[in-house]
Structure formats: structure tokens, C-alpha cells
Amino acid sequence: MTECYIRVAEDENEEPMEIPSEEDGTVLLSTVAAQFPGACGLRYRSPVSQCMRGVRLVEGVLHAPESDWSNLVYVVNYPKDNKRKMDEMDAASAVKIKRGVQKTSDLIVLGLPWKTSEQDLKDYFSTFGEVIMVQVKRDAKTGNSKGFGFVRFTDYETQVKAMSQRHMIDGRWCDCKLPNSKAGPDEPMRSRKVFVGRCTEDMTADELRQFFMQYGEVTDVFIPKPFRAFAFVTFADDQVVFFFLYGYNLFCVGHSVCPHI
DNA sequence: GTTGAGCGTT
């Protein structure tokens with residue numbers, strides 16, 4: 001089997017997108033997830049049984065059901081409770097303020113291979129559940145990975161699952177733990193203040209306020225002088241503010257806004 | 001251009 005394109009859609013009735021296979025005819029889950037963030041697998045309707053069938057997934061590699069992928073449309077699987085279509089989320093509807101549920105906290109991921117990227121991390125952890133943010137810590141000068149990073153999940157159950165096992169990531173066993181510095185596990189990040197990174201010099205406090213007020217009442221905007229490429233926005237609500245800002249190509253968790261990957 | 005227990009630039 002040689003490389004080809006397979007047709008993948010969010011739903012059976014949606015317009016499919018063509019996704020490239022590898023040279024050996026397999027399709028990487030990460031390739032699917034690049035177009036369908038959060039995807040954890042594929043399924044298809046069997047022409048014979050008319051039932052939905054799962055596509056074999058082994059260590060991040062999807063294998064053609066028969067001798068080839070034929071001309072079927074494959075449907076994306078998402079982790080339970082993650083059926084939402086990510087790119088349909090507008091900023092306002094993406095606001096989640098969870099009350100009365102166990103809040104998640106950042107997890108440190110130890111033992112990462114030097115080569116592992118944030119995209120790799122996101123692809124991997126998305127198979128457990130919806131991922132809010134990932135970070136790979138790097139040397140500021142060389143850009144080399146320090147071999148550890150952070151991950152934050154939407155759901156606490158996902159976090160517990162991730163902490164309860166070891167992880168084979170790019171060929172190394174890694175561990176997910178609660179970080180020992182910063183915000184205790186019982187009270188993770190209740191800050192009303194949001195760090196806004198990657199600011200440009202022309203952004204005004206007023207513009208930031210105008211933008212962030214769609215998420216809640218803004219009580220303060222702080223821009224350091226002289227220009228330092230970041231700002232702080234403070235909300236009235238003391239709940240954890242956490243949302244995605246797809247339009248701005250950013251995503252934001254708790255008290256930090258990161259470039260969206 | 002290396003390494004392998006740890007703890008997060010703003």
C-alpha cells in the first residue's frame with residue numbers, strides 16, 4: 001500500500017476533509033488530530049454490516065480496515081464528553097465557569113524526550129480527554145527542551161486518570177504529577193487576574209478591556225511601562241477564568257494566556 | 001551538536 005488521502009469528517013453527514021496517510025498506508029492519529037483537535041480515533045460504517053466499526057489504533061497509528069482505506073468516509077472519535085467541535089466554539093460560548101465541581105490543576109510531565117513538542121504532547125494527552133493547555137519547558141537561549149512540561153485537562157476525572165499511570169511518549173516513559181511549587185492541589189488557581197502574553201506595543205488598556213469584557217466584568221487592566229509585551233487583566237468574578245480565544249489564536253487558562261497550538 | 005533528576009521566564 002502506498003501513501004494516499006483518506007476522507008475524514010466530524011460526522012457522517014458533514015463534508016469530509018482529505019487527510020494524508022503515511023508511506024506505508026497507515027494514518028497517524030496526530031495527523032487526524034491536527035485537523036480535528038482532540039480526536040482520539042476513527043470509525044466508519046461497514047458497507048457489509050451497515051454498523052459503525054472502529055479503526056484499529058496501535059500506539060498512535062491508525063491501520064486501514066481491509067487491504068486499503070477504499071473510498072469510505074471515516075468519522076472522528078472524541079473522548080467521552082468531548083464531542084464538541086472545537087472550531088465551532090466562538091469565544092463567548094467557550095467560556096466555562098465551573099462551580100461545584102472539582103477543579104483541575106496543571107500537571108507536571110517528567111521525563112519527556114528532548115524531541116517532544118507541545119503538539120506531540122497535546123496529541124498524546126488528547127487521547128485521555130479534552131486538553132486545555134500543554135507546555136514544554138525549554139532553554140530560553142537554545143530552545144532545547146528541558147525534558148519536562150505541563151498539561152492541564154478540562155475534566156478532573158481525566159486528570160486523575162492521567163496521574164494514575166505512566167505514559168509512553170515518543171519512546172520514553174513519562175510521569176504526570178502534581179507540581180510541588182505553586183497553588184496547592186486543594187485550591188488550584190483561583191486568581192481573578194489573567195496574564196496576557198505576546199502583547200504588541202500598539203495594544204491599549206482600553207482595547208484589552210473591550211476584548212476581555214465578553215468573558216466577564218473587567219475590574220482592572222495593567223500594562224507595564226515601558227513596554228514589556230504582556231499585560232494583566234483582572235476580572236470581578238473570583239472563579240477560575242478559563243476559556244479559549246480562538247479568534248485571537250490564543251488560548252487561556254486560569255491565569256495565563258498562551259499561543260494557541 | 002552533550003544530558004535524564006527534577007518543578008513552571010513572562
Side-chain angles (χ1 to χ4, degrees), chain A residues 103-126 128 131-154 156 158-160 162-205 207-209 211-212 215 218 220-235 240-245 248-261:
Chain A
K103 294 179 179 58
T104 62
S105 49
D106 294 1
L107 299 179
I108 188 164
V109 189
L110 273 350
L112 291 175
W114 311 117
K115 53 171 271 207
T116 298
S117 69
E118 298 195 335
Q119 184 67 57
D120 295 333
L121 262 196
K122 183 165 185 183
D123 291 346
Y124 174 77
F125 283 114
S126 292
F128 288 82
V131 170
I132 300 174
M133 76 95 204
V134 291
Q135 293 177 338
V136 170
K137 290 302 169 189
R138 298 174 182 281
D139 183 278
K141 209 168 173 180
T142 66
N144 293 331
S145 167
K146 290 182 176 171
F148 72 96
F150 291 87
V151 61
R152 180 93 176 257
F153 294 100
T154 303
Y156 188 71
T158 315
Q159 167 171 329
V160 171
M163 282 191 297
S164 70
Q165 65 167 82
R166 305 248 289 156
H167 302 274
M168 176 57 76
I169 302 177
D170 289 339
R172 271 183 64 93
W173 285 110
C174 305
D175 294 295
C176 275
K177 298 177 180 174
L178 288 171
N180 35 29
S181 61
K182 207 164 149 183
D186 41 7
E187 191 60 25
M189 295 202 285
R190 269 191 171 256
S191 178
R192 296 151 44 216
K193 191 181 286 184
V194 175
F195 173 82
V196 184
R198 303 256 176 128
C199 293
T200 53
E201 200 157 6
D202 59 320
M203 285 185 190
T204 66
E207 283 174 336
L208 286 175
R209 178 183 294 271
F211 178 76
F212 281 96
Y215 303 101
V218 174
D220 187 54
V221 176
F222 174 75
I223 300 179
K225 300 278 174 0
F227 175 66
R228 294 231 276 151
F230 69 91
F232 287 109
V233 174
T234 306
F235 291 90
V240 175
V241 191
F242 92 56
F243 40 72
F244 295 82
L245 310 174
Y248 273 48
N249 205 32
L250 292 171
F251 83 105
C252 166
V253 184
H255 67 333
S256 58
V257 178
C258 319
H260 175 53
I261 58 168

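None of these values were measured; they are calculated from a predicted model. Protein chains get the first letters and strands the later ones, always in sequence-line order, with residue 1 at the start of each.
- The salt bridge (charged side-chain N to carboxylate O under 4.0 Å, His left out) check on A/D175 picks up A/R166, with sequence neighbours excluded.
- Atom pair A/L121:CG and B/dG8:P shows a separation of 17 Å (rounding to whole Å applied).
- Here A/D220 pairs with nothing under the side chain to side chain donor-acceptor pair (under 3.5 Å) rule; sequence neighbours left out.
- Across all strands, A/P113 comes closer than 4.0 Å to base atoms (heavy-atom distances).
- In this structure, CG of A/L112 is placed 13 Å from C1' of B/dG8, rounded to the nearest angstrom.
- As a whole-Å value, the separation of A/F148 CZ from B/dC7 C1' is 6 Å.
- Rounded to whole Å, atom C1' of B/dT10 lies 6 Å from atom CZ of A/F230.
- Nucleic acid contact for A/R172: base, since at least one base atom lies under 4.0 Å from a heavy atom of the residue.
- Taking every heavy atom of residues 136-147 of chain A and every atom of DNA chain B, pairs under 4.0 Å involve A/K137, A/K146, A/G147, by number.
- Among the candidates A/K137, A/R152, A/K177, the single residue satisfying the salt bridge (Lys or Arg N to Asp or Glu O under 4.0 Å) test with A/D106 is A/R152.
- In this structure, A/D175 places its CG atom 14 Å from P of B/dC7, rounding to the nearest Å.
- Atom CD1 in A/I169 sits roughly 15 Å away from atom C1' in B/dG4 (whole-Å rounding).
- Evaluation of the side-chain contact (heavy atoms from CB on, under 4.5 Å) rule for A/P224 yields A/F222, A/R228, A/F230 as partners, not counting sequence neighbours.
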Verdict with supporting geometry, A/F150 and A/M133, side-chain contact (heavy atoms from CB on, under 4.5 Å): CA-CA 8 Å; A/F150 291 87; A/M133 76 95 204; 3.8 Å; yes
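- You'll find that the side chain of A/W114 is closest to B/dA5, out of B/dA5, B/dC7, B/dG8.
- Protein atom CZ of A/F150 is 14 Å distant from nucleotide atom C1' of B/dT10, rounded to whole Å.
- No hydrogens or angles were tested; on distance alone, a donor-acceptor pair under 3.5 Å links the side chain of A/D106 to the base of B/dG8.
- A/Q165 meets the side chain to side chain donor-acceptor pair (under 3.5 Å) test with A/K161; sequence neighbours excluded.
- Among the atoms of the strands shown, none is found under 4.0 Å from any heavy atom of A/L107.
- In this structure A/T200 satisfies the side chain to side chain donor-acceptor pair (under 3.5 Å) test together with A/D202, sequence neighbours excluded.
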